[in-house]
There are 2 protein chains.
Amino acid sequence: MAVTIRDVAKASGVHISTVSRTFSAPHLVNPETRSRVLATAEQLGYRPNRAARALITGRTHNIGLIVADIANPFFPPLIKAAETHARRRDYHVFVADTDEDPSVEADLVQALAKQVDGILLCSPRMSDDQIEQLRREVPLVVVNRMITGLPAVVMDVGQGAREAVRHLLGLGHRHLVYLAGPRGSWTNREIRRAAGATARAAGADLTVLGPHQPVEEAGAASAEAVLGTGATAVLAYNDLMAIGLLQALQDRGVAVPGRISVVGIDDIAYAGLVRPRLTTVANPTAAAGRAAVDMLLQHGDGGATGQVTLQTTLIIRNSTGPGPHSPAAALTAEVAAHVKE
Amino acid sequence: MAVTIRDVAKASGVHISTVSRTFSAPHLVNPETRSRVLATAEQLGYRPNRAARALITGRTHNIGLIVADIANPFFPPLIKAAETHARRRDYHVFVADTDEDPSVEADLVQALAKQVDGILLCSPRMSDDQIEQLRREVPLVVVNRMITGLPAVVMDVGQGAREAVRHLLGLGHRHLVYLAGPRGSWTNREIRRAAGATARAAGADLTVLGPHQPVEEAGAASAEAVLGTGATAVLAYNDLMAIGLLQALQDRGVAVPGRISVVGIDDIAYAGLVRPRLTTVANPTAAAGRAAVDMLLQHGDGGATGQVTLQTTLIIRNSTGPGPHSPAAALTAEVAAHVKE
DNA sequence: TAAGCTGTTGCAAACGTTTGCCGAATGGAG
DNA sequence: CTCCATTCGGCAAACGTTTGCAACAGCTTA
């Protein structure tokens, strides 16, 4: 059916091993022979069978990329960057979606293990133990999770959260809410810890609401609870939840940022398009994707075990404004009106 | 290194063929033997090597999914649905991004060909000839493209465009602009044809501006040209461009829908979140992804060659309003004011 | 002239499976 | 007790590659 190395060998009058070497070790074959083989190969439309090659070399030239939710706008830029970067290095990428389910995650790693040279686990929800277990079956690089001894790429969301909280404190807010993300998320713990510490250090209150699924609906559903706390500012686990909250508050006629300020995290594509435009912590997702691919492919099969931390940056837009203790509290009304348009 | 069928055979005292059959043809092995083998396999942590299996069976249990741009919000829901659906059928999915480049598309198909049982080509930009060529190397199903003899899943964007244009005509618009998408896009041709025919039949004008890359920047960049035409309504190739245009018009102080109505296509996640909320044609992308996977896997390797057409629906929001010839033109101001909030 | 390189090629085993074929064991019918 | 059918399991070839080893030619060097 398909044209194999044997067909090329026959057609060009050499042994199959010579054909093989023409592709995998060109310097070992006479230039003249090589070009002849190359010509017939081209003419016959020969393409090496990667599966067969993998069987004997043990290297598949494939990698796996496992994310919680492909449709969550946080991931596509990461996936795209990782795929492009991997392909430039002649690797193909399996993409899989766990739907936020840790057990699916584990199954997926095992199913993919034999078919890839390594797996990128993005924002895994599994326990550290499970991950430790799995790394023995296949090289793993985790993104947005810190596990000692495991190569990782993390975005310094703790720093982002601190900046966000300081921003809110600076605006005169004294009672904040953290709208927590899913349990099992390292990012969630980091944000919570960083935000809590920063608020406490300044003598402010931080109420944690959650856990929640990291989707718009969850953000919207929490509106009542948020209002119930009496807080004047909210930091959400991600932009999706922040935007959901924004919508729900709007529906209730609650002014943002007049009555409540809202900060998201991620800076997804449309954070700057909703009204009010969302103040948020930008994550370098594309860079993270590339860095993770590099880490995975870097060490032949040894254990390069570094941890790369990428900076995040607070982007101040219109969803945050002066709080009740603002030195410029008198200006609140005016500023809010201005920000509204 | 890894545990193979041979290890399991040794450990359970049977021949490797028996182990093989335990997994691939259980009814051929004595229940007692089977459970013994299963037990040792489980204990040893044996996982069949799909590459080796593929080598002999010719079926890889992988499929390829090629899209123009993973980060374009149109695709992630499709990718997610396809991946989930495929996995339920025990298939893994390679995802690749062509960055809207037709030559990358062709390379990708060839590179993936040996490693998959079939490829889903989503919104391909290649010529029909090229695709005809490639289908001889690997089973292909195209999404959003109609090629005679090739299995396809298309969303009936022509119908959607007609509905959108009728909606605009009904509002009293007589001069429309179609903001065209990329060359090579079947969808683009369909929309253009349908919109043009519908407008012409009603004695209205339709000016085509383009081609454009299907991104926000292109939509924004076309604002001047759009205004220059003197048209009062715009249909954009996709929501991204429509939203870009919306932003650019807003920056220029042009009222939407007061001065110009804008309609997008796709109904991406945030079409309903921008202000004004975008009137758009919703595409059933998730259903398309599932249908395409079904078509690909359905026929063993024969040539199921149907074409599935999925319905689209116009979603009327706030970016469209009465035009200069509206029977209710007198109400324009009031309606616009209302819509604005 | 013998010995030793170097560069090029062929030979054959190996990778982890599946599967057609054959033989052994079992059991029921005659 | 013999014969046949059925069920089960082993044997070995095959899938398309890679790669260590050996063979050989044409050199150079001593």
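Here is how names work: the chains are called A, B, and so on, in the same order as the sequence lines, proteins then strands, and each is numbered from 1.
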To the nearest Å, give me how far apart [atom1] ([X]) and [atom2] ([N]) are.
{"X": "B:K10", "N": "D:dG9", "atom1": "NZ", "atom2": "C1'", "answer": "17 Å"}
{"X": "A:N49", "N": "C:dT17", "atom1": "CG", "atom2": "C1'", "answer": "14 Å"}
{"X": "A:E32", "N": "C:dT9", "atom1": "CD", "atom2": "C1'", "answer": "14 Å"}
{"X": "B:R59", "N": "C:dT19", "atom1": "CZ", "atom2": "P", "answer": "12 Å"}
{"X": "A:R21", "N": "D:dG16", "atom1": "CZ", "atom2": "P", "answer": "20 Å"}
{"X": "A:H15", "N": "D:dC21", "atom1": "NE2", "atom2": "C1'", "answer": "13 Å"}
{"X": "A:F23", "N": "D:dT19", "atom1": "CZ", "atom2": "P", "answer": "15 Å"}
{"X": "B:N30", "N": "C:dA25", "atom1": "CG", "atom2": "P", "answer": "15 Å"}

Name the nucleic acid region contacted by [X], choosing base, sugar-phosphate or nothing; use a 4.0 angstrom heavy-atom cut-off, strictly under.
{"X": "A:T57", "result": "sugar-phosphate"}
{"X": "A:T4", "result": "sugar-phosphate"}
{"X": "A:R47", "result": "sugar-phosphate"}
{"X": "B:Y46", "result": "sugar-phosphate"}
{"X": "A:R6", "result": "base"}

Let's test your reading of the model: under 3.5 Å, does the base of D:dG16 pair with the side chain of A:R50 as donor and acceptor?
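Between D:dG16 and A:R50, which were checked side chain against base, a qualifying N/O pair under 3.5 Å is absent.
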
N or O in side chain of B:S20 less than 4.0 angstrom from C:dT17 OP1/OP2
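So the side chain of B:S20 is outside the cut-off, no N or O lying under 4.0 Å from OP1 or OP2 of C:dT17.
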
Closer than 4.0 Å, any side-chain N/O of A:S17 to the OP1 or OP2 of C:dC11?
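A:S17 to C:dC11 OP1/OP2: no side-chain N or O under 4.0 Å.
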
Side chains of [X] and [Y] in contact at under 4.5 Å (non-hydrogen atoms):
{"X": "B:D99", "Y": "B:V104", "answer": "no"}
{"X": "A:F94", "Y": "B:N62", "answer": "yes"}
{"X": "A:N238", "Y": "A:N72", "answer": "yes"}
{"X": "A:D294", "Y": "A:H85", "answer": "yes"}
{"X": "A:F75", "Y": "A:S123", "answer": "yes"}

Closest-nucleotide mapping onto DNA chain D: is A:A51 or B:R34 further toward the 5' terminus? I mean the 5' end.
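Residue closer to the 5' terminus by nearest nucleotide: B:R34.
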
Quick one: on DNA chain D, does B:T18 or A:I56 contact a more 5' nucleotide (nearest heavy atom)?
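By nearest-heavy-atom nucleotide position, the 5'-most residue is B:T18.
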
Test item: B:S35 side-chain N/O and B:P31 main-chain N/O as donor-acceptor pair under 3.5 Å:
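Looks like yes, one N/O pair under 3.5 Å.
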
So if I take every side-chain heavy atom of B:L55 and compare against D:dG16, C:dT17, D:dC11, which nucleotide ends up nearest?
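Between D:dG16, C:dT17, D:dC11, the one nearest the side chain of B:L55 would be D:dG16.
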
Toward the 5' end of DNA chain C, by each residue's nearest nucleotide, A:H27 or B:I16:
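This one resolves to A:H27.
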
Working to the nearest 0.5 angstrom, can you tell me the gap between A:K114 NZ and B:N49 CG?
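So the NZ of A:K114 and the CG of B:N49 are separated by 6.5 Å.
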
Which residues, if any, of residues 110-118 of chain B bring a heavy atom under 4.0 Å of DNA chain D?
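Residues of residues 110-118 of chain B that come under 4.0 Å of DNA chain D do not exist, since none gets that close.
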
Only one of B:Q130, B:E100, B:E105 forms a side-chain hydrogen bond (donor to acceptor under 3.5 Å, both in side chains) with B:R125, so which one is it?
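For B:R125, the side-chain hydrogen bond (donor to acceptor under 3.5 Å, both in side chains) test succeeds with only one of B:Q130, B:E100, B:E105, which is B:E100.
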
Could you tell me, to 10°, how much the axis swings from one end of the helix from C:dT1-D:dA30 to C:dG30-D:dC1 to the other, five pairs per end?
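For the helix from C:dT1-D:dA30 to C:dG30-D:dC1, the axes at opposite ends meet at about 50°.
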
Which residue is it: A:T18, A:N30, A:V14, A:T22? I am looking for the one with a side-chain contact (heavy atoms from CB on, under 4.5 Å) to A:R36.
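Result for side-chain contact (heavy atoms from CB on, under 4.5 Å) with A:R36: A:V14.
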
Do other residues, nucleotides or ligands put more than 12 heavy atoms under 6.0 Å from the NZ atom of B:K10?
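No - once you tally the heavy atoms of other residues, nucleotides and ligands closer than 6.0 Å, there are 12 at most.
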
